[in-house]
Colleague: 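Below: one structure in structure tokens.
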Amino acid sequence: MTTLLTWLVEPLQQEFMVRALLVSTLVSCVCGLLSCYMTLKGWALMGDAVSHAVMPGVVIAYALNLPFAVGAFVFGVGSVALIGYIKQMTRIKEDTVIGLVFTGFFALGLTLISKVRSSIDLSHILFGNVLGISSSDILQTVLISLLVLTVLVVLRKDLILFCFDPTHARSIGLHTGVLHYLLLSMLSLAAVAGLQTVGIILVVAMLVTPGATAYLLTDRFDRMVWLSILSAVLSSVAGIYWSYWMDASTAGCIVLVQTLLFLLCFLLAPRHGLLAQRRRSPRASRFPSA
Amino acid sequence: MPSGQPPLHGNERISVRHLCVDYHGVVAVHDASLHLDAGSICALVGMNGAGKSTLFKALMGFVRPSAGSIAINGLPLKEARRARAVAYVPQTESVDWNFPVNVQEVVMMGRYGSMNLLRIPRPLDREAVKEALDRVDLWPLRQRQIGALSGGQRKRAFLARALAQGASVMLLDEPFNGVDIRTEKLMIELFEQFRREGRTLMISTHDLAHVTSFCDQVVLINKTVLAYGETSSVFTSENLALTFGGLRLEATPAAATDPDRQAP
């Protein structure tokens, strides 16, 4: 018992650990909530694209001494708009357009970072640096998180309707175009916030895995949101502790815990888990497409 | 009244005048005109690509006509949409049935347009939803996840949403696709009730037997409205030949009935 207590309390004597835990809890709430929409809308690839595309924005913002969130937001929304534009103007399929746009932006970011003299550490952008997060970065993350949470909570019902049945949403006079880009803007902002914790490469896990995990556990949207947030927060906290004691990559640990939680639910979820399905119809589970 | 008698503006529900719609220069509908009165069930008949879904989109205000005008209940489209006068009942295939919403929540979505920004239901909205669910016999199943309903129940849930919306015009896209005979009968009974309440239903269908059995009006479309009006006078072999590009079909229920129609 005492060992467990020491194990839990000792890291809290370090200020950087407390800050890391608080920041990633907040970020997890935002990403957990947003990931429900991403899962239901099928926007995982879009999340990946946006999080990679913000890279040049972050580099330019640091070089010009602007808040990194501003640069990231401009490039995040810019990439989304560009994807939409190219898709509309050509016959190229959406996933192809997404693939080519985000790698282009990411390449621009890499090139910039190698040429622009600045104090930015590439590995911090790629893999996050939540243990060494600065006060100004914390402030930005808090502001972004509050903004995204407010928008998602206030427009909750409209966004659900937009994901479920956009045609009906439009026919009763909701502005689906506005909702579409609003959700993508929130995605850009959440990606920026998540970037602080796990970095560009793994932020898509924050934006997808908690929602997917929760989706296996319930058929109610409200419960899905709470379960998603819970799993996101739990993963972040457990991941940070784990990385502290193992001296391993924080981002890696956080996302690993998320993935383990998902696997657990994939196997054991009461109705949509593998075992439950097998119990219900032993033959159907052997042929999942049947 | 949430879902009682819809208000009447004259007797004309749908008025389309010289409508032209094109997509990037490709003509989808050209110079189409039609007028439908309150309290009618109208079949929309045409080949694939004849412009049926374009006409539906135009009636919902989703496409900008390149010429012509549309009025619903005597109001321009924008105002009609604000009054939530037009409800669209989608094809079953176009909905994600695994979505985590229950039946009651789906029907409540019909009310969103009139609620405040947070979409918190008022007692009035709850009543409208209950009334709508009662009418389609789904009140006992209101807590079910939408995908846990049978095919026929899903159709009724979306009809309930259109009812809760208080729509006076209902656009139904292939409502009988994949529906068994019993559900079909139930739905037709509901449609006839809606007609008695003064609503106007426009039903796109490939099943010509339906047209003569319960649709009092018919619109024949092939890039334009070829003919519209009373089924008895419009639904002739000559007009059908025009509609289906020279293919001669018998406009009798017996000949048009397809026994394989209920295949899943």
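Letters A, B, ... are given to chains in the order of the sequence lines, protein chains preceding strands, and every chain is numbered from 1. Side-chain atoms are counted along with the backbone in the values below, which use heavy atoms only and exclude waters and symmetry mates.
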Colleague: Chain B heavy atoms under 4.5 Å from A/C163: which part of the residue, side chain, backbone, both or neither?
Modeller: both

Colleague: Flag the pair A/L40 / B/P100 as yes when at least one side-chain heavy-atom distance between them is below 4.5 Å, and no otherwise.
Modeller: yes

Colleague: Sort A/D165 into side chain, backbone, both or neither according to what part of it lies under 4.5 angstrom from a heavy atom of chain B.
Modeller: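 Contact with chain B: side chain only.
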
Colleague: What do you reckon, is CZ of A/F266 surrounded by more than 12 foreign heavy atoms closer than 6.0 Å?
Modeller: no

Colleague: Between B/V101 and chain A, which part of the residue has a heavy atom less than 4.5 Å away: side chain, backbone, both or neither?
Modeller: both

Colleague: Can you label the angle between the A/F164 ring and the B/F158 ring as parallel, tilted or perpendicular, going by 30° and 60°?
Modeller: parallel

Colleague: Please identify, among A/V153, A/L174, A/I160, A/T218, the residue contributing the most non-hydrogen atom pairs under 4.5 Å to chain B.
Modeller: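 Top option by heavy-atom pairs under 4.5 Å: A/I160.
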
Colleague: Mind checking the CZ-NZ spacing from B/R111 to A/K157? Nearest 0.5 Å is all I need.
Modeller: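 Atom-to-atom, B/R111:CZ and A/K157:NZ are 13.5 Å apart.
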
Colleague: Just wondering, more than 12 heavy atoms not from B/R17 lying within 6.0 Å of its CZ?
Modeller: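 Result for CZ/B/R17: open.
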
Colleague: Can you tell me how far CZ of B/F99 sits from NZ of A/K41, rounded to the nearest 0.5 angstrom?
Modeller: 8.5 Å

Colleague: Please determine whether the number of non-hydrogen atoms from other residues, nucleotides or ligands lying under 6.0 Å from atom CZ of A/R223 exceeds 12.
Modeller: no

Colleague: Determine yes or no for a side-chain-to-main-chain donor-acceptor pair under 3.5 angstrom, with A/H168 supplying the side chain and B/M109 the backbone.
Modeller: yes

Colleague: Please round to the nearest 0.5 Å and tell me the distance separating atom CG of A/L155 and atom CG of B/L117.
Modeller: 5.5 Å

Colleague: Given a strict heavy-atom distance threshold of 4.5 Å, which part of B/R81 is in contact with chain A: side chain, backbone, both, or neither?
Modeller: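 Contact with chain A involves both backbone and side-chain atoms of B/R81.
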
Colleague: Does B/W139, at its CH2 atom, have more than 12 non-hydrogen atoms belonging to other residues, nucleotides or ligands within less than 6.0 Å?
Modeller: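 Correct, the count exceeds 12.
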
Colleague: Could you measure the distance from the CE atom of B/M60 to the CD1 atom of A/I172? Nearest 0.5 Å is fine.
Modeller: 12.5 Å

Colleague: Sub-3.5 Å donor-acceptor pair from the side chain of B/R119 to the main-chain atoms of A/D158, do we have one?
Modeller: no

Colleague: Can you tell me which portion of B/V89 sits under 4.5 Å from chain A's heavy atoms? Options are side chain, backbone, both or neither.
Modeller: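 Neither part.
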
Colleague: Measuring from A/R220:CZ to B/N102:CG, what's the distance to the nearest 0.5 Å?
Modeller: 4.5 Å

Colleague: What is the distance from atom CZ of B/R84 to atom OG of A/S171, rounded to the nearest 0.5 Å?
Modeller: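 One finds 10.5 Å between CZ of B/R84 and OG of A/S171.
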
